[in-house]
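Read the structure below first, then the notes.
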Amino acid sequence: MSDKSRNFLAILMLALLATSAFVAGYFANDFIEMGSGGGRLAQDRQKFGVFWEAWGRIQANFLGELPDSTQLTYSAIRGVVSELNDPYTVFVEPILHKQDQESLRGKFGGIGATLSRPDPGGAVILDPIPGNPAEVAGILKGDVLVAVDDVTITAEMTVHDIVNLIRGETGTPVTLTVLHEGNDHPITVTIERSEILLPSVTFRILKEDPNIGYIQLSRFSGESANEVKNAITSLQAQGATQLILDMRQNGGGLLDAAVNVADLFLTDGVILYQKTRGQQVELTFSARAETAAPNEPLVVLVDRGTASAAEIVAGALQDRERAVLIGNDQTFGKGSVQMVFDLEDGSSVHVTSARWFTPDRRQIDQQGLQPDIWVTVSQEAIDNGLDEVLEQAVAYFQNGSESTLSR
Amino acid sequence: MNESTEKQSEKKWGLIIGAAVVVVILCAGMGLAGFVIGRTTASPQTITETIRELVEVTREVPVPVEPESGDTAAQGTGNNSTAAPEQPTPPPVKATSTTNINPPSFSNAEEIDLSVFYEVWNLIGEEFDGDIPPAEDVLYSAISGSLEELDDDFTRFIRPEVAARLREDMGGSVSGIGAFVRENDDGMFEIVFPIEGQPADLAGLLPGDIIIGVNGQSVVGISFDEVILMVRGPSGTTVNLTVLREGEKDPIEFSIVRARFEVPVVESKMLPDQIAYIRLLEFNGNAEAKVLEALDELLAQNPKGLILDLRNNPGGFLNQSVAVADAFLPEGVVLFERDRQGGSETFRSDDGDAGEKIPMVVLVNEGSASASEIVAGAIKDRGRGILIGSTTFGKGSVQSVHQLSDGSELRVTIARWYTPNDNSIDKNGITPDIEVPTPEQIGGEDDAQIQRAVEYLLTGE
């Protein structure tokens, strides 16, 4: 495991914590209007008398305390939703739902720094995210966090606890006591909490080959397409003529973001078909002419954790023969579409309402995508921190496709 | 005021001590399977090592039922709500009907606002890309789901078809193929053993057989409950079973004519050295009668002592447990029961029963629950006998059974019970006087718990 990945992206983790189950492979479709009531279920309401009958008996007889009526209703909803046997149709309670949306939009209240603790119980190290308040206020990469407001950091506190101290309402101040690297005396820095832009993309020119630009896309937020576009532009300016788009462990996100990311590599044609239930309605998503990287040879890295929106991009680029998929496993196979409906009390419900098909009309759901080039990853390589899949991608560019495809 | 009447008749008929219920519910796949299965599958060759179910048929049998007044109320409320379907939300059931002599209190239930529920439900109905379950499944899963908020494993909702079966099970006389079955660790429908002389046994089914098809239809992946209902049918009708048997390459077909039989509830025999042995498998509606029958037969042979084996007995009816305890106890307290209003009720034994004098040992283990613990706790606290085996399950709550207007059943934890020395055994169980671990096979040749009981009865230590 690399140092980088060992670094605990604490702030991000907190935002994702409560919602990770959904973020990994769900896809929100915010623009679809909420349907009105009615339909077949309304006429079934008359049967619901038994519900109150049961609760009347409980109210009259139950030995313990009666639950909160709102929670009871939510539990009833969860009970019904589970009856559908669809892991992606879920009910989200109000608080959870808020965090959910925040993380999908890539914004939340904080100072814009990651926290890590390389040694268990040891020093807590700060790493500011460029352009965010912590960096602006003077926090440096490698600063040791001594205290948050008047609370001294102790070995017993988890990184999670500390993040909770730092986070707060947007616009309020938090004072950090930090020790710059090499200094003996801690200084205090007061930072106003604000919404933080969490990048979904990191990119670099590969050390192994300066012609290859490497883009890692970790999820699909509202900013993702812009971030990928900027990464492409920057890499091109640095001389990259070949691109690797790494979507391993990318669990998905917003549909629009997926379509827009695929669009960066395609000049025209179909990206995705979406069929609603009964296959009655089909939506076609197509590429537009403006294209950031129309011609550069492209490799997409995938694995078992490549899901949902990431599979849309990978599937479109594969079917359109725009990219070669390299990976050690097939992709996750999450190709159903959830509409997210906001309810009157702040809760929401995600309903599986359609399925996705690639430009060649392959169903993504449950099938997943097969890499064009399979890489068998050895345990020895993993132990030595080697990334054989990435190495294979580099070899593919350097040796040409023929030699590697025969593997 | 029918309050007391209802209370009494509930006491008489309606109370179920939960572990039996829970075990039954568990094997019916209603959400706690890991719990009891883990505890009970140690030795699948004998009936009590497993979760038990009977393959049988539905028929009118004299089973414990809800008090009449309760049923009337339930019917009344059901009618009320069906009469007003146009309302945006179903009217919380109110005791407006004059036929509702004894309405349950709905003052809090009324506050339950399901509008968000309907909102979700309607969205799913309009938008979900997949099969929408039938309306009753929605209702029942909503009720079961909402009950999760009570955080009580023993307050449970049971669908009508399952409830009907359970009522019959507990009645003690059923019809079917005559085999104990369970859902095994792989989720398959397994014969624990066929009951001797009954159709499954006569047809040649063996312990460990896996039923994979019923009447030509595959049952793999179908819920345990549903399979039971498929195997059952009226006495005299035929059911075809497709069975996988270890050592056989191909499935075997069986054609079995269903019959009515009594659920075995007591095993009794005279052990060497004139020790009487009575094993009670559960506290169903026949428990008292069968125990007394066995007791009379054995006492006539002048035994030196008696073993009452309650190992892996998951419980059953409260009234049966009191009656069974009474068979061995002179006048005195069997248990106290206290509800949330502070109401208390004392259940007593009286003098003059056949088993009050003979030296006795009660065998218990971690599978002895609920009604079994009532009997064991009373025998121990009253100094009537000693307990040998391992610590019992620890279920000290009482559930009342409410039959709802659609035939479904609600089991509500209404009280805790306490032993004659006023101890609750809830969660802790009862520690036996002499601890001996549960053997691999209960009732087998090397049953150390039985051996220790015999030794105690012969030597007095």
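Note on naming: letters A, B, ... go to the chains in the order of the sequence lines (proteins, then strands), and numbering restarts at 1 for each one. A quick note: this is a predicted structure, and the numbers were derived from the prediction, not measured. Hydrogens, waters and symmetry mates play no part in the numbers below; they use all other heavy atoms, side chains included.
For the pair V412(B) and F62(A), the tightest heavy-atom approach, listed with the atom from each and the gap, is CG1-CA, 3.6 Å. The minimum heavy-atom distance linking L404(B) with E53(A) is given by the pair CA-OE2, 3.2 Å. Pairing each heavy atom of L410(B) with each of R57(A), the nearest pair is CD2-CB, 3.7 Å. Of all heavy-atom pairs between R340(B) and N61(A), the closest is NH2-N, 3.7 Å.
The CH2 atom of W55(A) sits 10.5 Å away from atom CG of L114(B), with the distance rounded to the nearest 0.5 Å. Taking CD of Q338(A) as the start and CD of E127(B) as the end, the distance is 12.5 Å to the nearest 0.5 Å. Expressed to the nearest 0.5 Å, how far CG of D342(A) lies from CD of E119(B) amounts to 10.0 Å. Here the CZ-OG1 distance, from F128(B) to T352(A), works out to 5.5 Å after rounding to the nearest 0.5 Å. Taking CD1 of I124(B) as the start and NE2 of H350(A) as the end, the distance is 12.0 Å to the nearest 0.5 Å.
Looking at V80(A), the atoms closer than 4.5 Å to chain B (heavy atoms on both sides) sit in the backbone and in the side chain alike. Proximity to chain A is limited to the backbone of D131(B), based on heavy atoms less than 4.5 angstrom apart. Within the 4.5 angstrom heavy-atom criterion, only side-chain atoms of D152(B), from C-beta onward, approach chain A. Only the backbone of R338(B) has a heavy atom closer than 4.5 Å to any heavy atom of chain A.
For the pair R355(A) (side chain) and D129(B) (backbone), a donor-acceptor distance under 3.5 Å is present.
Taking the six-membered ring where the residue is Trp, F117(B) and F51(A) present tilted rings, their angle falling between 30° and 60°.
With respect to chain B, the highest number of heavy-atom pairs below 4.5 Å among T89(A), D68(A), I77(A), V351(A) belongs to I77(A). With chain B as partner, the option from V81(A), L72(A), D86(A) having the largest number of non-hydrogen pairs under 4.5 angstrom is L72(A). The choice from A415(B), S141(B), G145(B) that makes the most heavy-atom pairs within less than 4.5 Å of chain A is S141(B). For the set S82(A), P67(A), G64(A), the entry with the most heavy-atom pairs within less than 4.5 Å of chain B is P67(A). Contact count versus chain B (heavy atoms, under 4.5 Å) is highest, among A354(A), G79(A), A76(A), for A76(A).
For the side chain to side chain contact (heavy atoms under 4.5 Å, CB included) test with L63(A), the passing option among I414(B), T413(B), T155(B), L150(B) is T413(B); the others fail.
No more than 12 heavy atoms of other residues, nucleotides or ligands lie within 6.0 Å of CD in E65(A), so this atom counts as exposed by the packing criterion.
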- Item | Test log, rule side chain to side chain contact (heavy atoms under 4.5 Å, CB included), inputs D113(B) and T73(A) | CA-CA 7 Å; D113(B) 175 8; T73(A) 304; 5.5 Å; no
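E149(B) and S75(A) share a donor-acceptor pair across their side chains, judged by distance under 3.5 Å alone.
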